[in-house]
Number of protein chains: 2
Amino acid sequence: MQAKEPRAQFHRAPADERRLALIDACAATLARKGVHGTSVREICAAAGVSPGLLRHYFSGIDELVADTYAAVGAQVQAALNDAVEAADPTPEARLIAYLTASFAPPIADADLLSTWLAFWSLTRTDAKIARLHDEIYAENRITLERLLDAHAPGSDHRLTAIALTALVDGLWLELSLGNAPFTPDEATALAARWLAALLPRI
Amino acid sequence: MQAKEPRAQFHRAPADERRLALIDACAATLARKGVHGTSVREICAAAGVSPGLLRHYFSGIDELVADTYAAVGAQVQAALNDAVEAADPTPEARLIAYLTASFAPPIADADLLSTWLAFWSLTRTDAKIARLHDEIYAENRITLERLLDAHAPGSDHRLTAIALTALVDGLWLELSLGNAPFTPDEATALAARWLAALLPRI
DNA sequence: TCTCTTGTTATACAACCGTATAACAGGAAA
DNA sequence: TTTCCTGTTATACGGTTGTATAACAAGAGA
């Protein structure tokens with residue numbers, strides 16, 4: 001004879017507060033438990049919510065993960081933009097601010113990397129995630145090209161932006177993975193030195 | 001009434017042929033199905049072997065994954081070394097060979113990337129994998145420092161090796177992820193141009 | 001040819017997975 | 001105060017997970 005579980009108290013969240021809470025919980029779980037340890041139950045527990053609720057806001061766990069990618073991508077983009085806007089208005093200072101922000105919290109962060117790795121690894125198997133990846137990276141490249149163009153107007157910065165993105169990504173990856181053989185300051189200096197070599201006027 | 005399954009034919013593999021087959025199957029499954037789709041049964045099916053056999057050769061799936069990381073890491077290192085040794089014996093040619101090989105098969109390969117992403121994402125949660133990562137990257141950095149030192153003896157190439165590793169990693173990542181906005185040749189040219197700017201004699 | 005070791009199999013197990021469903025209750029609207 | 005909609009819960013379901021186990025058979029050694 002099984003005693004029936006008394007129904008837990010709850011309150012009805014306004015607007016899409018619950019939806020955002022689930023997205024946050026998804027990112028946090030991806031970060032702390034990895035793809036392998038991320039499940040509907042785990043996410044909902046992190047959000048303090050019953051497992052069934054996920055499907056009230058999302059068509060399934062795949063859609064939640066995709067929406068989480070979009071949200072986290074936007075957060076990263078916003079953090080970088082903020083750093084650039086807070087810098088001195090010279091092209092040089094804005095570029096350096098972009099680089100510095102890339103190697104400092106909240107961008108260089110072990111949790112963010114773990115979440116990001118999960119997205120990367122889904123790119124191969126999930127078409128929606130792949131499309132999101134292309135959009136996010138294209139936007140990032142355009143931002144960078146604009147910053148470069150402000151410094152040296154007229155010339156084509158496509159390849160420069162590509163290389164700088166790759167360099168920053170690689171340094172960011174090692175830094176966030178932990179145990180990196182260099183400091184955030186060295187990473188910034190490295191990227192700046194690279195810029196100076198390629199764009200003589202910096 | 002369930003008919004008993006007749007026992008399948010098999011042959012006893014010599015030495016650790018089975019062990020290597022399981023490692024190959026693990027890498028292939030990680031590549032094709034991602035972390036999420038990789039399970040004991042999936043790996044063993046790929047190896048053409050019964051599920052129970054995995055635990056005869058490994059203490060569990062975690063140990064198999066770790067051993068697979070070590071094996072794949074060694075393969076990558078060997079492919080890069082081969083490319084360098086096959087090049088003209090000048091320091092410049094050897095460096096360029098290293099770069100070119102990084103952006104061509106079998107190194108720049110979607111399957112290899114998927115496998116590698118799985119390893120990266122396990123670095124946070126699995127201490128054994130984290131240690132392996134440090135070893136593999138340290139060895140790679142030393143290889144690169146030696147190549148740089150052959151070109152410009154005496155000076156300290158620590159930071160140069162770090163930056164070149166990051167640049168190559170970033171370009172390799174985008175290239176292997178698919179839909180990259182640049183070609184392998186452009187990636188090689190980019191890295192070479194970077195080297196030329198920083199090491200004047202190339 | 002026989003024996004014995006052990007690589008290999010089929011199957012069992014409890015725990016977990018993502019999703020489905022019906023009962024419930026919060027709280028705005030009337 | 002009552003009604004009613006729906007956000008939220010507990011629970012159920014079939015399928016899959018990693019591991020455990022006992023039966024079996026391959027093939028070397030005697």
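In the text below, chain A, chain B and the rest are named by the order of the sequence lines, each starting its count at 1. These values consider heavy atoms only, across backbone and side chains, with no hydrogens, waters or symmetry-generated copies.
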Salt-bridge present (A:Arg124, B:Asp111; N to O < 4.0 Å):
yes
Are B:Arg19 and B:Asp67 ion-paired here, with the side-chain N under 4.0 Å from a carboxylate O?
yes
Atom pair distance, as rounded to whole Å: [atom1] in [X] and [atom2] in [N]:
X: B:Leu54; N: D:dA20; atom1: CG; atom2: P; result: 12 Å
X: A:Asp62; N: C:dC17; atom1: CG; atom2: P; result: 15 Å
X: B:Arg19; N: C:dT6; atom1: CZ; atom2: C1'; result: 17 Å
X: A:Glu17; N: C:dG27; atom1: CD; atom2: C1'; result: 15 Å
X: A:Ile43; N: C:dT19; atom1: CD1; atom2: C1'; result: 14 Å
X: A:Arg55; N: D:dT9; atom1: CZ; atom2: C1'; result: 16 Å

Are any non-hydrogen side-chain atoms of A:Tyr137 and B:Glu174 less than 4.5 angstrom apart?
yes
State, yes or no, whether a side-chain contact exists between A:Trp172 and A:Leu112 at a heavy-atom distance under 4.5 Å.
yes
Double-helix bend of the helix from C:dT1-D:dA30 to C:dA30-D:dT1, axes at both ends from 5 pairs, round to 10°, gives 0°
Distances under 3.5 Å between protein N/O atoms and the N/O atoms of nucleotides 12-17 of chain D, please, pair by pair.
residue : atom : partner : partner atom : Å
D:dT17  : OP1  : B:Ser39 : OG           : 3.1

If you compare every side-chain N and O of [X] against the phosphate oxygens of [N] (OP1, OP2), does one of them come in below 4.0 Å?
X: A:Tyr57; N: D:dG7; answer: no
X: B:His56; N: C:dG7; answer: yes
X: B:Arg18; N: C:dT8; answer: yes

Derivation of the side chain to side chain contact (heavy atoms under 4.5 Å, CB included) call for B:Glu186 and B:Thr183:
CA-CA 5 Å; B:Glu186 286 180 322; B:Thr183 65; 3.3 Å; yes
Which nucleotide in the set C:dT8, D:dT6, D:dT9 lies at the smallest distance from any side-chain heavy atom of A:Ser50?
D:dT9
Counting only side-chain heavy atoms from C-beta out, which of C:dT8, D:dT9, C:dT19 sits nearest to B:Leu53?
C:dT8
Side chain [X], main chain [Y], donor-acceptor under 3.5 Å:
X: A:Ser59; Y: A:Arg55; answer: no
X: B:Ser176; Y: B:Leu173; answer: no
X: A:Asp88; Y: A:Thr90; answer: no

Verify salt bridge (Lys or Arg N to Asp or Glu O under 4.0 Å) between B:Arg158 and B:Glu145, making sure each step is shown before the conclusion.
CA-CA 7 Å; B:Arg158 186 182 75 91; B:Glu145 283 185 41; over 6 Å; no
